[in-house]
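Treat the numbers as computed from the prediction; the structure is a model and nothing was measured. Note that these values count all heavy atoms, side chains included, but never hydrogens, waters or copies made by symmetry.
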Amino acid sequence: MKEDRFLLAVVVGIGLLAVLAVVLFLARQPVMGYLPEDSPQNVVFNYTLALQNREYERAYGYLLEAPGKPDFQAFRQAFQFNHFGSDQASLRVGGAEIVNDEATGQVSVIYAGSGFMGGSYRSNQSAFLTRQEGQWKIQNLPQPFWCLEWYQDYSQMRPPLPLGED
């Protein structure tokens, strides 16, 4: 009888420790917040965070006003129906080179691996932004955070040079 009570006390103690560990883990998770929109890097970060949070109107507001910009419904549907697979990738924002009102930023797209032991892999690419009415707006990002069909009329826009070229 004493052994049953002791065993029950041990099991209850372990259960309480497990619950406490889960509560502490969840309470300590960092909450990602939006950054000030004063740099190209922060605008790209905010755009991807808005997509992750499914705040499509906010994400849409970061797009450049130029010929070829998708309408809001097409933009939202592209991500709502997961045509691009942005749920399986993340974007790490690096530095940016700013020349006048144009910026070329370094970004790394990190793709989640598939399968039981599938690791992730990274693709280093560029982001292009333009300052429009005093605010940085996204002109181009790598897939899966962007659709290649957007902004096909480049006659009104001068694409920034890739990193490393003058």
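Test I14, L8, V10 against V12 for side chain to side chain contact (heavy atoms under 4.5 Å, CB included) and you get one pass: L8.
Listed here is the closest heavy atom pair of W136 and D101: CZ3-O, 3.6 Å. A96 and Q41 make their closest contact through N-NE2, 3.4 Å (heavy atoms, listed as atom of the first residue, atom of the second, distance). Contact record, A50 with Y34: CA-OH, 3.3 Å, taken as the closest heavy-atom pair. When every heavy atom of N100 is checked against every heavy atom of I98, the shortest pair comes out as O-CG2, 3.7 Å. Closest of all the heavy-atom pairs between E37 and R58 is OE2-NH2, 3.5 Å. In terms of heavy atoms, L129 sits closest to P40 at CD2-O, 3.8 Å.
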> When you look at Y60 and R76, which way does the side-chain contact (heavy atoms from CB on, under 4.5 Å) test go after all the steps?
Replying inline: CA-CA 8 Å; Y60 186 75; R76 185 188 69 220; over 6 Å; no

>> Evaluate Q52 against L49 for side-chain contact (heavy atoms from CB on, under 4.5 Å), listing each step before the verdict.
In response: CA-CA 5 Å; Q52 179 184 354; L49 182 59; 3.8 Å; yes

> Do V11 and F6 pass the side-chain contact (heavy atoms from CB on, under 4.5 Å) test, and can you show the C-alpha distance, the side-chain angles, and the key distance before you say yes or no?
Replying inline: CA-CA 9 Å; V11 170; F6 179 74; over 6 Å; no

>> side-chain hydrogen bond (donor to acceptor under 3.5 Å, both in side chains), that's the test. Do T104 and E97 meet it? Break it down for me.
In response: CA-CA 5 Å; T104 303; E97 181 180 320; over 6 Å; no

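N42 places no side-chain N or O within donor-acceptor distance of the main-chain N or O of L35, the cut-off being under 3.5 Å.
Between K137 and E102 there is no salt bridge, since no side-chain nitrogen of the basic residue lies less than 4.0 Å from a carboxylate oxygen of the acidic one.
In this structure, the side chains of E65 and E133 stay at 4.5 Å or more apart for every pair of heavy atoms. Side-chain contact between I138 and L64 is absent, with no heavy-atom pair separated by less than 4.5 Å.
Figure legend: K69 and F75 shown without cation-pi pairing, the cationic atom not lying both under 6.0 angstrom from the six-membered ring centre and within 45 degrees of its axis.
In the model, S123 has a side-chain atom that pairs as donor or acceptor with a side-chain atom of Q125 under 3.5 Å.
Within 6.0 Å of CG in D71 there are more than 12 heavy atoms belonging to other residues, nucleotides or ligands.
With values rounded to the nearest 0.5 angstrom, C147 atom SG is found 10.5 Å from N140 atom CG.
Below 30°, between 30° and 60°, or above 60°: for Y62 and Y47 the angle between ring planes is above 60°, a perpendicular geometry.
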